[in-house]
Amino acid sequence: MSELLKNVDARTRLAGTNKLEILLFSLGTDARTGRCETFGINVFKVREVMNTPTITATPEMSAAVKGMVSLRGALVPVVDLGDYVGVPTDSQRKIMIVTEYNHHTQGFLVEAVDTILRVDWGQMRVPPEMLSNNLGGLVTAVTELEDGRLVMLLDVERILAETVKPDDSMLFANIPPLDRQDLMVLYADDSSVARGQIQRTLDALGVRSVGAVNGRAAWDELRRIADHAERSGRPVRDFVQVILTDVEMPEMDGYLLTRSVKGDPRFNGIPVLMHSSLSSDSNKQLGQSVGVDEYIPKFEPQRLSEALIRLLVGKLPETHGSAVPAMSSGAVVSTAPPSLLDSVDARTRLAGSNRMEILLFSLGTHELFGINVFKVREVSETPDITRTPNMPEGVEGLISLRGDVIPVLSLATIMKLNDAPPGRGSAMMVAEYSKRNLGFLVHEVDRIIRVDWEKVRAPETLAGGTNTYISAVTELGDGRLVSILDVEQILANTFGEAEIGQIEQMTGGETMNVFFVDDSVVARRKIAEVLDKLAVNHKFAQNGMEAWTRLSGMAARAQQTGNSVHDELDLILVDAEMPEMDGYVLTRNIKSDKRFDGIPVVMHSSLSSQANHAMGRSVGVDAYVAKFDADALSQTLRAQLSRHATTQN
């Protein structure tokens, strides 16, 4: 196997080109699925590949840690990846991959190694955010081979953190606090464990921070900050004081990120600190060549904090030891027939007519379910699914759909339908939500029906309680009820709700009033959180009809008292699809009523196609924001409220 892996330093010519080499391996045939999935590890982390040596068992270790081996005089812990990942198989682990991480060496037992694959980091897809945010996620990136197989790049940091489980509390105890909330560090790392360690260090320092899951996300955030700085007439340095980056990340590696930062004059004077488990001299030299200001190995909180203090305030407290030398400045699914599902854009003729089309499907029980056709991209037979480790209950795995890696969920499992038949079902619906695609496995797809929104009732109007996953109910001609799914609630319950970051309060927000309407409990909660952070007053309604009734009453009361509705209403935020009255009809009603003249209407919807945007404009919407992007929503609300305040003065 010596020919399989060459000296790692000889491969550093790839670093800085946004390319990487992956060692492919398998863990055996999964007894549950009958499939043998392909995993990968960055060659930079691999020291050698060898036949599994004799392992000495050690007591009181994690179940996946099989013991220790002596490797050229060094004791190396050995982790069985199959046991850790949770792949039940009878295959023997004949191969050991010896890896280096944070100057420590360990062995990973696998069934077999395949080959080394060279790919662009741009071809490595970040797992869907809803998966990577899940604490159990072990996959940092996914790529597709020419034969259609998906390769899952494992999070080595997480594996080691959860198998070795060191007591690292004292590592953070001696970090001297700066307590400088005026200082900001932006950091990027694709490992959730590494991000957690970085955040603990920054919290101990007492400085503000913004995290990104890869280089591309960090670069997008930096450009957004730079654009905001330009609009404010201030340098970017006022908003971000240090950029901390990992080396190997999907979509854009740390070298390319650094090169991008150093090549943009807007970021002049902002130091870049490279923080990586790749600790060879050649990696450090490559960092120097792209302009990194300092390079330190993972993960030593003391050294990281010392480097951050130097870059943030220029010197270390006298109680600390010698400084680390700084670097000189210098990184396929087949669709259903067109008769069942046409393109969403072709169906926008329904928007604004207060009608909707519902795709009916079953989950193998006596109940009938539906989903708004606007949310559905396509319908197919159930495809081959790549099982991903440690995912929430109901998440079957990932598929590659025309280059887009999407998660696949079993609706029957998530909704805990115990009387549903076993198996994954015969069909998959690919749905769009907040510019992201995901697959829903169902027992079978029935047909599409067209109904008036006024015949679609919110559950509260039909019964005393509500089903957690049902946003509305309608009745068919034969008397059967159709339960329409709340996609937002399903995703929130399965993957958890996305956290909303820091949002600057609006000047004068305490005098501003926003009325918003959304039929999703999750969406209402998130909208309210954004408005609270903006320090703006708000009221809400749960569907379009309720909203129009309350708005009409508000305007009538203002007329009776000789006041203007502008005194208690500065902006109206509407969802697009809602029972009883959709957002398009609601907007048309508002814009045709002179009492609401000058009050901006913002449409906030998970329907993000250009046709939906165009339909919103046609009924008079002042702005259109896709769910759920807290930054985009807060920026849009801020701009519209400021503009409205200016016109009223």
Side-chain angles (χ1 to χ4, degrees), residues 128-131 133 217 220 224 344-345 348 351 356 371-377 404 406-407 409 430-438 440 458 469-472 484-501 503 514-534 536 538 540-544 547 571-579 582-584 586-587 600-617 619 621-640:
E129 185 178 355
M130 57 195 69
L131 290 181
N133 282 344
D220 289 344
R224 187 191 67 79
V344 169
D345 285 0
T348 55
M356 70 178 300
I371 184 171
N372 192 326
V373 169
F374 267 132
K375 282 193 167 77
V376 181
R377 299 294 94 186
D404 186 18
I406 69 173
L409 290 68
V430 179
E432 181 201 27
Y433 170 72
S434 298
K435 297 184 179 180
R436 301 180 182 91
N437 292 326
L438 57 150
F440 288 137
Y469 299 114
I470 305 303
S471 65
I484 301 172
L485 294 185
D486 184 341
V487 177
E488 289 92 333
Q489 189 68 60
I490 289 173
L491 298 182
N493 284 15
T494 305
F495 300 107
E497 297 181 26
E499 293 186 4
I500 295 176
I503 296 175
V514 171
F515 184 93
F516 68 90
V517 52
D518 202 295
D519 61 321
S520 167
V521 175
V522 173
R524 291 198 299 271
R525 185 161 55 242
K526 288 300 178 185
I527 292 168
E529 187 174 350
V530 169
L531 291 169
D532 286 340
K533 287 178 178 288
L534 285 169
V536 172
H538 53 84
F540 72 89
Q542 300 182 49
N543 61 66
L571 184 145
I572 303 169
L573 179 66
V574 303
D575 187 19
E577 49 167 0
M578 297 178 289
D582 69 18
Y584 299 107
L586 174 59
T587 301
V601 177
V602 175
M603 186 163 280
H604 183 229
S605 174
S606 58
L607 306 176
S608 55
S609 74
Q610 290 302 311
N612 293 118
H613 285 246
M615 188 63 213
R617 290 193 298 269
V619 296
V621 165
D622 296 275
Y624 194 112
V625 185
K627 287 182 181 176
F628 186 84
D629 184 333
D631 287 338
L633 178 59
S634 63
Q635 290 171 16
T636 301
L637 293 176
R638 187 187 305 276
Q640 293 292 331

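- Contact between Thr636 and Ala623 at its shortest, heavy atoms only, is CG2-CB, 3.6 Å.
- In terms of modelled atom types and a separation under 3.5 Å, the side chain of Asp622 and the main chain of Val602 share no donor-acceptor contact.
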Inset, instruction - Would you sort out whether Leu637 and Val536 count as a side chain to side chain contact (heavy atoms under 4.5 Å, CB included), showing the intermediate values? - result: CA-CA 10 Å; Leu637 293 176; Val536 172; over 6 Å; no
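- Here the CG atom belonging to Asp519 is positioned 6.5 Å from the CG atom belonging to Asp486, to the nearest 0.5 angstrom.
- Residues forming a salt bridge (Lys or Arg N to Asp or Glu O under 4.0 Å) with Asp575 (at least two apart in sequence, or on another chain): Lys627.
- Of all non-hydrogen atoms in Ile503 and Ala630, the two that sit nearest each other are CD1-O, 4.4 Å.
- Side-chain contact between Ile527 and Phe540 is absent, with no heavy atoms from C-beta onward closer than 4.5 Å.
- Heavy atoms only, all atoms of each residue included: Leu571 and Gln640 are closest at CD1-CB, 3.5 Å.
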Inset, instruction - Please lay out, stage by stage, how Leu491 and Leu438 fare under the test side chain to side chain contact (heavy atoms under 4.5 Å, CB included). - result: CA-CA 10 Å; Leu491 298 182; Leu438 57 150; 3.4 Å; yes
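- Of all non-hydrogen atoms in Pro407 and Asn437, the two that sit nearest each other are CD-O, 3.7 Å.
- Ile500 and Lys526 get closest at one heavy-atom pair: CD1-O, 3.7 Å.
- Taking the side-chain contact (heavy atoms from CB on, under 4.5 Å) definition, one finds that Ala632 meets it with Val625, Asp629, sequence neighbours left out.
- Between Leu633 and Leu573 there is a side-chain heavy-atom pair separated by less than 4.5 Å.
- For Asn493, the side-chain contact (heavy atoms from CB on, under 4.5 Å) partners two or more places apart in sequence, or in a different chain, are Thr468, Tyr469, Gln489.
- Legend: residues meeting side-chain contact (heavy atoms from CB on, under 4.5 Å) with Ala547, ordered by chain and number and at least two apart, are Phe515, Val517, Ala541, Leu586.
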Inset, instruction - Go through the steps to decide whether Phe440 and Leu485 satisfy the test side chain to side chain contact (heavy atoms under 4.5 Å, CB included), and finish with yes or no. - result: CA-CA 11 Å; Phe440 288 137; Leu485 294 185; 5.7 Å; no
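- Take Asp220 and apply the salt bridge (Lys or Arg N to Asp or Glu O under 4.0 Å) test, not counting sequence neighbours, and it matches Arg223.
- Of all non-hydrogen atoms in Ser605 and Tyr624, the two that sit nearest each other are CB-OH, 3.6 Å.
- Not a single salt bridge (Lys or Arg N to Asp or Glu O under 4.0 Å) links Lys533 to another residue, sequence neighbours left out.
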